Number of protein chains: 2
Amino acid sequence: MTFHAESRLASPDLSACVAFMPARVEQGPRYGEALVTLSPRHAQGAREVRVRWSLHGAAGTALVIVQGGISADRYVVAAGGNPGWWSDIVGDGRAIDTRHCRVLAIDWISSADLGGDALAVGSEDQADAIAAVLDLLGEARASAYVGASYGAMVGLAFAARHPQRLGRLVAIAGAHRAHPLSVAIRNIQREVVRFARAHGDTASGLDLARRLAMTTYRGEREFAERCADAPQLVDGRYHFAEEGWLGAAGARFAQRFSAERFLALSESIDLHAVAPQDVRVPTTLIGFSSDRVVPLADLCELQLNLGAAAQLHVIDTRYGHDGFLKEPAQVGALLREALVEH
Amino acid sequence: MTFHAESRLASPDLSACVAFMPARVEQGPRYGEALVTLSPRHAQGAREVRVRWSLHGAAGTALVIVQGGISADRYVVAAGGNPGWWSDIVGDGRAIDTRHCRVLAIDWISSADLGGDALAVGSEDQADAIAAVLDLLGEARASAYVGASYGAMVGLAFAARHPQRLGRLVAIAGAHRAHPLSVAIRNIQREVVRFARAHGDTASGLDLARRLAMTTYRGEREFAERCADAPQLVDGRYHFAEEGWLGAAGARFAQRFSAERFLALSESIDLHAVAPQDVRVPTTLIGFSSDRVVPLADLCELQLNLGAAAQLHVIDTRYGHDGFLKEPAQVGALLREALVEH
């Protein structure tokens with residue numbers, strides 16, 4: 001692996017440091033769409049599928065695949081006025097330093113992208129789509145895959161299906177399978193969306209589903225801190241602090257997400273299943289102490305049974321599953337460590 | 001306190017034991033309705049309210065008030081073909097032994113019972129309703145109040161408002177306030193019911209709300225054990241083991257519960273607030289290690305600040321908040337201990 005994390009450059013003399021860095025050419029981000037051939041996990045036969053990708057970073061440097069949760073997209077890095085969903089972690093001078101590596105990301109494909117006969121979209125399909133984009137870009141291999149939440153699940157599928165194309169997997173808050181309690185809660189989210197859609201008010205369904213998802217993403221302590229205010233009587237009904245916070249998040253989500261896409265990607269999490277022993281790529285697992293979506297016990301089970309060397313790091317945080325967004329300093333430090341040349 | 005738990009009778013000679021027991025008269029259960037005067041917490045002025053009560057056990061023995069969660073009722077004890085919602089704990093020979101004490105319970109009152117001007121029903125109103133039933137029955141005082149979940153919250157309100165009428169409070173899986181994360185999840189349950197009702201399908205709303213509630217009542221490990229089966233493809237869609245289990249529970253709930261009652265009692269939990277220092281009755285707190293509705297931290301805070309001597313017992317269980325229903329042996333042992341004459 002050729003990626004070189006800045007934190008391991010020992011010299012305080014920056015001009016000396018530069019001499020050790022790979023040659024690079026200044027280059028803006030690239031965004032593209034690829035027509036790739038996939039044989040989906042939950043459909044019969046091959047078909048062409050459109051995959052939207054982005055590539056940020058300095059030409060000639062190591063390639064790192066970066067993928068987030070089901071509501072994340074290929075706009076990982078701050079660029080062109082877009083803040084990027086993980087710009088605390090990825091960018092010039094960040095833990096995944098786009099001065100010294102290139103970052104590839106795709107927009108998740110949905111069932112509808114696979115054709116009408118696809119019963120579902122598998123995490124395997126996302127992994128194969130990423131591999132197909134690597135082909136298109138003429139990249140035999142990525143130095144690392146860094147995935148969080150659903151992105152970690154897809155990373156495990158990628159490592160199991162394309163081990164020769166990956167140097168190291170970093171899986172953050174994602175395991176070899178969804179926990180049954182989380183499956184149950186996502187099922188209810190999907191039922192609420194289907195119910196609302198059947199009654200002609202999909203937006204309200206997405207809003208409620210997102211509020212429910214938020215109760216699982218965030219830590220118990222965070223709720224206690226954010227929602228200390230007493231309920232307020234408004235228009236003859238008590239309103240609780242929790243409603244304001246989650247309601248705003250739900251409304252934002254309903255505006256930007258389609259029901260079809262939500263249903264497909266939420267179900268894809270629940271269908272995800274990778275045998276840990278099939279992952280034969282060096283792996284770093286990162287979990288969060290207060291994560292109620294992905295219990296640490298599942299990450300321990302994954303580590304114990306993984307088919308290659310695997311480290312598990314646990315970050316103590318109040319932010320629950322969203323620790324990958326809310327704890328950039330701690331996550332970043334572990335990423336610098338994991339991505340440095342071993 | 002005159003209640004005498006059987007477990008403290010040291011002699012193995014049963015005929016000798018009987019000599020120590022209070023005199024008792026064989027008597028069937030009594031069920032009644034009382035018209036009581038209440039000044040509700042969330043309305044102006046006094047009004048008459050109908051309260052349904054039950055009384056089980058041997059005449060002339062100590063009185064124990066027993067109250068459960070919002071979906072529980074006054075049919076605590078197995079009687080007349082009715083199984084009783086807590087018959088593992090309350091009955092002849094059980095931890096709350098109806099051969100040696102009398103058990104009083106009420107059906108929770110709802111906002112609608114308070115009159116159309118009541119904005120909500122408070123845990124204080126339930127406590128005052130119980131006190132009014134005591135008046136009606138000519139009982140100056142109860143030896144103990146044993147409440148679980150919402151029943152524990154009401155017990156704290158009862159102890160704070162009517163301390164002279166209570167010997168000991170046993171509060172199981174209930175605290176001085178609802179945890180904000182639980183408030184958030186119950187808010188979503190109520191929003192789902194309101195949404196479904198507005199679209200003319202209240203039953204589906206209650207079903208979904210109950211499924212969601214179930215995900216909070218049960219432990220993480222229990223989900224893992226019950227829902228190990230792979231999803232099944234039925235009618236072109238994957239169905240998960242979690243759907244079958246929770247769906248059946250949701251459908252049963254929708255058949256037996258009204259939206260009005262669910263909305264009122266769910267909100268009453270969230271409005272509940274008792275200052276721990278106002279509880280000046282000896283108290284036994286019981287919590288469950290895997291309870292995600294009432295975190296142990298809240299019970300610790302309650303114990304530390306309670307206005308009288310308080311013990312906290314934690315039962316290690318996989319059953320979460322429903323431990324009060326699912327761990328009768330452990331709960332029963334603690335109740336025998338707590339209810340024995342001190």
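Values reported hereafter were calculated over all heavy atoms of this structure, with side chains retained and with hydrogens, waters and symmetry mates removed. Keep in mind that what you see is a predicted model, and the values were worked out from it rather than measured. Chain letters run A, B, ... following the sequence lines, proteins first, then strands; residues in each count from 1.
- Of the candidates B:E242, B:R221, B:R292, A:L181 forms a side chain to side chain contact (heavy atoms under 4.5 Å, CB included) with just one, namely B:R292.
- Only the side chain of A:H179 comes within contact range of chain B, with at least one heavy atom under 4.5 Å from a heavy atom of that chain.
- For the options B:R226, B:E222, B:R194, B:M214, heavy-atom pairs under 4.5 Å to chain A are most numerous at B:R194.
- Interface check for chain B: of the options A:L233, A:T216, A:D201, the most heavy-atom pairs under 4.5 Å are formed by A:D201.
- For A:A196, the parts lying near chain B are the backbone and the side chain together; criterion is any non-hydrogen pair under 4.5 Å.
- Considering all non-hydrogen atoms of both residues, B:A224 and A:P180 come closest at CA-CG, 3.7 Å.
- Nearest heavy-atom pair, B:L271 versus A:P231, reported as atom, atom and distance to 0.1 Å: CD2-CG, 3.6 Å.
- In this structure, CZ on A:R210 lies 12.0 Å from CD1 on B:I188, to the nearest 0.5 angstrom.
- Side chains of B:D270 and A:Y238 form no contact here, defined as non-hydrogen atoms less than 4.5 Å apart.
- We find the CG-CG distance between A:N187 and B:L212 to be 12.0 Å, quoted to the nearest 0.5 Å.
- Heavy-atom distances place no part of A:R186 under 4.5 Å from chain B, backbone and side chain included.
- Contacts from residues 243-263 of chain B to chain A, taken as heavy-atom pairs separated by less than 4.5 Å, involve B:E243, B:L246 in sequence order.
- Ranking B:R177, B:E220, B:Q189, B:E225 against chain A, the residue ahead of the rest is B:E220, based on heavy-atom pairs under 4.5 Å.
- Distance CD1/A:I185 to OG1/B:T215: 4.0 Å, rounded to 0.5 Å.
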